[in-house]
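Reading through the structure tokens given below for one structure.
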Amino acid sequence: MELLRDRKNLLVVAGLGSTAWDITAAGDSPLSFPTWGAMGQAAMMGLGLALAQPRRRVLVVTGDGEMLMGLGALATIGVQRPANLSVVVIDNERYGETGMQTTHTAHDVDLAAVARACGFKESKIVTRKNQIGPLRSLIHEKRGPLFAQIKVKAERLPLVLPPHDGVVLKERFRAALLADVLPEKL
Ligand SMILES: Cc1ncc(C[n+]2csc(CCOP(=O)(O)OP(=O)(O)O)c2C)c(N)n1
């Protein structure tokens, strides 16, 4: 996953399903927090982390179905406006995990426009591979909150599963975060 290349000490929260497998396929890290089953929670977890750790950058990577289930999170992020939070939706226009049923984004619901209307500083739709590099730079350098919706093909890829135990995931994330040296500036 190009988006996570050389991620430094970026904190990464993933939604359930494909995005949890994707961030693991990119190289598992204790600074990754993939969610198992908790649909609709990823952006709010990212917001909590961003507010609690204002000198660290936080990236939420989630699916369109997961984001749609917790749409109110975008409004709350728009009100809180944490400069250190990015939300990236990997949009296959499907509930892939449960049988590829179409989601609202297959019917012209525009998540990037919703995020913009909620007050995200920057919000974009990404449709080409060569836009991922610049997006990665924004995640590391720009003051947010930033929202991006990456349109992808609906396909089933081999699964690379993270550890399955929620307590293990929480404890290793917490330990790594607290042991990590704070960056000098955001
Ligand atoms: C509250 C709740 N409802 C339904 C589910 C079942 N469920 C698990 S994954 C998933 C689809 C997720 O879709 P999306 O976020 O678009 O990710 P994709 O699988 O397409 O990558 C659903 C409906 C769940 N885990 N929790």
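Numbering of ligands and ligand atoms starts at 1, following listing order.
At a heavy-atom cutoff of 4.0 Å, ligand 1 is contacted by the side chain of N92 but not by its backbone. Heavy atoms of R94 found under 4.0 angstrom from ligand 1 belong exclusively to the backbone. At a 4.0 Å heavy-atom cut-off, ligand 1 touches D64 through backbone and side chain alike.
Of the possible polar contacts, none joining the E93 side chain to the T103 backbone as a donor-acceptor pair under 3.5 Å is found. Side chain of T35 to backbone of A14: a donor-acceptor contact under 3.5 angstrom is found. Without hydrogens or angle criteria, W21 side chain to P158 main chain gives no donor-acceptor distance under 3.5 Å. The backbone N or O of L11 sits nowhere less than 3.5 Å from a side-chain atom of R56 that would complete a donor-acceptor pair. Using modelled atom types, no side-chain atom of R7 and backbone atom of S29 make a donor-acceptor pair closer than 3.5 Å. Under the 3.5 Å distance criterion, the side-chain polar atoms of N84 are matched with a main-chain donor or acceptor of A50. The backbone N or O of G144 sits nowhere less than 3.5 Å from a side-chain atom of E122 that would complete a donor-acceptor pair. Between the S123 side chain and the A112 main chain, a donor and an acceptor come within less than 3.5 Å of each other.
Remark: distances from the non-hydrogen atoms of G37 to ligand 1 include one below 4.0 Å. Heavy-atom distances between M69 and ligand 1 reach below 4.0 Å in at least one pair.
The protein heavy-atom contact nearest to atom 19 (O) of ligand 1 is E97 N, 2.9 Å. At the shortest separation from atom 12 (C) of ligand 1 among protein heavy atoms lies M39 CE, 3.9 Å. The protein heavy atom nearest to atom 6 (C) of ligand 1 is T98 CG2, 3.9 Å. Given atom 18 (P) of ligand 1, the protein heavy atom at minimum distance is G96 N, 3.5 Å. Atom 17 (O) of ligand 1 has G63 CA, 4.1 Å as its closest protein atom, hydrogens excluded (heavy atom only). Among all protein heavy atoms, the one lying closest to atom 14 (P) of ligand 1 is G65 N, 3.5 Å.
R94 and S18 share no donor-acceptor pair across their side chains, judged by distance under 3.5 Å alone.
Near L16, meaning under 4.0 Å from any of its heavy atoms, are these atoms of ligand 1: 8 (C), 9 (S), 25 (N). Close contacts of ligand 1 with E66, meaning ligand atoms under 4.0 Å from a residue heavy atom, involve 14 (P), 15 (O).
Residue-to-ligand polar distances place S18 within reach of ligand 1: an N/O pair is separated by less than 3.5 Å.
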